[in-house]
Amino acid sequence: MASCTIHTAPYSCSISRPAAKAFSLGFHQRHQQLIFFGSGRRSAVVCSAEKTVVIGLAADSGCGKSTFMRRLTSVFGGAAEPPRGGNPDSNTLISDTTTVICLDDYHSLDRTGRKEKGVTALDPRANDFDLMYEQVKAIKDGVAVEKPIYNHVTGLLDPPELIKPPKILVIEGLHPMYDSRVRDLLDFSIYLDISNEVKFAWKIQRDMAERGHSLESIKASIEARKPDFDAYIDPQKQYADAVIEVLPTQLIPDDDEGKVLRVRLIMKEGVKRFAPIYLFDEGSTISWIPCGRKLTCSYPGIKFFYGPETYFSNEVSVVEMDGKFDRLDELIYVESHLSNLSTKFYGEVTQQMLKHSDFPGSNNGTGLFQTIVGLKIRDLYEQIVAERAAASAAAAKV
Amino acid sequence: MAATSFPGAVKGLVSAKARLSEPLRGGSRSLLVLYPRRGGMALVASATPLELSEKVAESIKNAEETCAGDAASGECAAAWDEVEELSAAASHARDKLKANSDPLDNYCNDNPETDECRTYDD
């Protein structure tokens with residue numbers, strides 16, 4: 001694992017005086033720094049420090065352990081684990097390339113504080129956006145930070161842990177796009193939008209095993225949080241580069257189990273380094289049922305839709321899947337007809353889905369689109385790295 | 001999660017409880033809970049750590065009390081938010097316990113190419 005130097009001052013580039021000898025500094029592990037000293041000539045310093053790529057993920061389902069995170073880190077390779085030797089209740093996950101930070105760690109009020117003030121965790125008053133901005137900016141610039149830990153078990157703010165700048169930083173939580181300064185730091189942002197019916201069905205599955213919970217308490221909990229959710233969390237949708245919307249299926253009338261889902265991947269047009277995926281013909285509207293003569297599917301089948309739309313006054317492209325996969329060949333069939341997937345080889349999406357076939361959503365659009373978004377992020381990261389390499393090579397020629 | 005109902009089998013219960021309440025790896029206990037069910041009592045092994053499970057139940061009671069007074073207040077919302085937070089924590093704890101149960105599985109997930117972990121599909 002790459003090491004990192006801790007800079008006490010903000011990392012900056014400066015022009016230095018010409019030295020007597022000419023030498024060049026090699027690449028310092030992950031921080032690329034090209035400094036050329038010309039003898040007798042005007043010195044030129046090019047600081048192309050490898051800034052961390054920052055991804056924002058807005059989700060209501062708690063932090064760091066969510067399926068989306070695990071799929072994302074898997075695309076980059078390696079399993080993400082909590083930092084070894086640290087606080088066992090840490091929310092952070094670290095893999096070779098990626099570090100996932102839970103934004104709950106930036107709560108300014110702990111559980112007791114929120115109870116006293118009568119404020120939910122969704123309320124911006126319970127979160128320290130200044131600290132969030134400061135630390136994400138520092139990590140992005142290559143400076144390690146001491147990030148607080150919010151302990152979900154005790155509800156207290158624990159002593160901070162050291163976060164070293166990784167190649168890719170993912171900030172996951174309720175408010176990654178709420179503060180405009182933090183929003184500007186994000187290289188890519190995703191919003192996971194679960195509809196109320198599906199949320200209810202999932203929470204029932206999660207909580208009914210819990211002693212003390214009943215249908216009424218689950219319902220009351222969702223209802224009580226709804227006003228704050230609609231006021232503070234939901235509006236972040238409009239800023240996201242990609243929204244994964246999870247809705248009840250339209251294939252089964254009155255389905256309330258949430259087992260078959262209709263999932264829409266809403267991709268903003270014109271986002272730098274992000275080419276939306278499409279079906280058959282980019283920019284057109286397609287309705288596609290893959291089940292037929294070549295592919296046999298079991299009930300309720302699979303239905304796809306692709307088309308351009310407007311989403312909160314943004315131009316977007318939407319790919320939608322309703323139904324579920326039963327067999328491997330359905331998956332590979334679907335993958336072979338989607339374009340712009342940013343896969344490195346044919347069948348990569350299918351392979352990733354199979355690798356995690358025990359994860360929830362592996363047989364429907366949630367797993368499929370989460371995997372695809374993961375590949376898109378990998379592509380974005382590689383484009384950034386290539387741009388930097390080209391920039392420093394060009395500057396070196398000067 | 002195993003659920004068996006044996007009407008009135010209190011004696012069997014005591015011995016089963018003694019066996020099952022050994023601390024699991026990780027220091028959390030499997031809690032045997034008696035639920036009244038149609039036809040007798042049902043024994044359910046809840047995999048949530050004891051203290052978390054109790055916290056969830058407590059927070060639900062607290063939320064119901066707080067909201068009985070004023071359902072639209074901030075306190076009511078904060079109380080149910082706490083329930084949600086604890087339920088999520090309990091669910092994560094359950095998953096963690098499940099995930100950590102087999103050391104070979106854990107090792108092979110990280111190192112599928114080693115000899116111990118290779119699988120052969122004929």
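Values below: all heavy atoms of this structure, side chains included; hydrogens, waters and symmetry mates excluded.
- B:Glu54 touches chain A through backbone and side chain together, each having a heavy atom under 4.5 Å away.
- The distance from atom NE2 of B:His92 to atom CG of A:Asn91, rounded to the nearest 0.5 Å, is 9.5 Å.
- Looking at A:Pro88, the atoms closer than 4.5 Å to chain B (heavy atoms on both sides) all sit in the backbone: N, CA, C or O.
- Neither the backbone nor the side chain of B:Lys61 comes within less than 4.5 Å of any heavy atom in chain A.
- If you measure heavy-atom distances from A:Val119 to chain B, the contacts under 4.5 Å come from the backbone alone.
- Comparing B:Gly74, B:Ser59, B:Ala57, B:Ser73 by heavy-atom pairs within less than 4.5 Å of chain A, the highest count is held by B:Gly74.
- For a residue to count as touching a neighbouring chain, one of its non-hydrogen atoms must lie under 4.5 Å from one of that chain's; by this rule A:Arg111 touches chain B with the side chain only.
- Salt bridge A:Lys203/B:Glu84: present, at least one basic N to carboxylate O contact under 4.0 Å.
- Comparing A:Asp207, A:Ile218, A:Asp228 by how many heavy-atom pairs each has under 4.5 Å with chain B, the most go to A:Asp207.
- Listed here is the closest heavy atom pair of A:Ser221 and B:Trp80: OG-O, 3.5 Å.
- Closest approach of B:Leu86 and A:Val153 over heavy atoms only: CD2-O, 4.2 Å.
- Atoms CG and CG, on B:Asp81 and A:Asp123 in that order, are 10.0 Å from each other to the nearest 0.5 Å.
- Nearest heavy-atom pair, A:Thr154 versus B:Lys55, reported as atom, atom and distance to 0.1 Å: CA-NZ, 4.0 Å.
- Listed options B:Ala78, B:Ser87, B:Ala77 were ranked by heavy-atom pairs under 4.5 angstrom with chain A; first place goes to B:Ser87.
- The number of heavy-atom neighbours closer than 6.0 Å to NZ of A:Lys237, taken from other residues, nucleotides and ligands shown, is above 12.
- Using a distance-only test at 3.5 Å, with no hydrogens or angles considered, a donor-acceptor pair links the side chain of B:Arg94 to the main chain of A:Arg206.
- Note that CD of B:Glu75 and CZ of A:Arg114 are 14.0 Å apart. Values are rounded to the nearest 0.5 Å.
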